[in-house]
J.: 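Provided herewith is a single structure, encoded as C-alpha cells, for subsequent inquiry.
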Amino acid sequence: MESAFIQWLRSQVPPDPRVPLGIGDDAAVLDLPPGRQWVVTTDMVMDGVDFILGEHALPLVGRKSLAVNLSDLAAMGAQPAACFVSIAVPRQGGGELARGIYEGIFQLARQFDTALAGGDTNSWDGKLAISVTAVGHVAAGKAWRRSGARAGDFILVTGDFGGSILGKHLDFTPRIAEARWLVDHADIRAAIDVSDGLSLDLARLCQESRCGAVLDRAAVPIAAAATELAAREGNQTTPLDHALGDGEDFELILAVDPAEAQRLLSLQPLGVPLTRIGQFIEQPGLWTLAADGTQIPLSPRGYEHRFDA
Ligand SMILES: [Mg+2]
C-alpha cells in the first residue's frame, strides 16, 4: 500500500485502549476483556453484486461493507471491538475510491464504537471489492447460536421485511444496540440475522437447531418498501413475497421460550418493534397454516451466491 495513504489512514484513526497495537505494524494486537471470548466474522462486498460503483455513493458502499459484519456480530449477541478492512481498488482513481469508502466506514465505526485496527489496500485491473473482518466479544460460553431453538419456542423478529433494494440494503442499522440490550436483560435461545431472506435464514436456523417452524404469514411485518416494490412490479408479486424472500433486511430472527417471549412482546424494549411471526416445532421444515388450520409447506426463498462446484 502507498505510504502516503497509510499515513492518511493512521491520521484518521484515534488511539483506542482495546487496540494497543494497530495500523502500522505487521499485525495488530487486541486486548480481550477478562471472562470474554472473541467472536470473529468476515464478509466481502463486490461491485456489481452488493453495490454498483457510480450509482451508489462511496461512503454508503463503505458503510455497507462494515454494517453487514456488525449485523453478524449482533446475531451472535457480541459487542463490537475492532474491524479490519481489505480493499481491492481498480488502478484508475483507486486512492479517491478508497478514501470515499473509508469515510463511510469511519462514520459507522464511530457510531458503533468499533476500532479500525488494520487492513490492506491493493490495486488491480479488476472491479472494486471490499472485505471486512469484524471482531467482537461475548461473555465466555454465551454467544447466541443458530442451534439453540427448541420446539415450542416463539419466533420473534426485529423490524420489518422486504424491498431493501429500494434503499435499506445500503443504510440499514445493524441491530447491535438491540442485541446488547437482549444479552443483558433477556434469555435468547438462538439467533440469526436476515442477510439472504427471512424464509431462507429462518430455514437455516431450523436446520442448525434440528427443528422446523410454522410461520404465521399474516403476522410478518412488511416494510413499506416491499409494498412499493410489489406495486411497481404491477402486483405480479405480493408485498409478503418480498418480505419472505428479498434479503438484506439485516433484522434479527430470535428463538425465545414462550413465557419470555410474551414478556418481551408486551415490554417492547428495543425502540424497533419486536414481532412474533410463528413458532418452532419438532417436525423439520418450514410450514404455514392454511385457512382451515392445516399445515402446508412453505418453500424457503432468498439470495444465494451461485458457482460451479
Ligand atoms: Mg449472518
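Counting starts at 1 for both ligands and their atoms, following the listed order.
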J.: Can you confirm whether more than 12 heavy atoms, excluding those of Q207, are under 6.0 Å from its CD atom?
T.: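 No.
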
J.: Do R263 and D187 sit within salt-bridge range, that is, some charged N less than 4.0 Å from a carboxylate O?
T.: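 Answer for the salt bridge query: no.
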
J.: According to side-chain hydrogen bond (donor to acceptor under 3.5 Å, both in side chains), does anything in residues 80-94 pair up with another residue at least two apart or in another chain? List the pairs.
T.: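 Of all non-adjacent pairs touching residues 80-94, those that pass side-chain hydrogen bond (donor to acceptor under 3.5 Å, both in side chains) are R91-D125.
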
J.: Test your reading of the model: is there a side-chain donor-acceptor pair from S209 to the backbone of C206, 3.5 Å cut-off?
T.: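 Looks like no, no N/O pair under 3.5 Å.
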
J.: Does a side-chain N-to-carboxylate-O contact under 4.0 Å join E103 and R99?
T.: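 R99 and E103: not salt-bridged.
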
J.: The Mg ion (ligand 1): which protein N, O or S atoms are under 2.8 Å away?
T.: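 Under 2.8 Å from the Mg ion (ligand 1) - ignoring waters, which are not counted - the protein N, O or S atoms are D72 OD1, D193 OD1.
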
J.: So does K168 pair up with E248, basic N to acidic O under 4.0 Å?
T.: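 No.
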
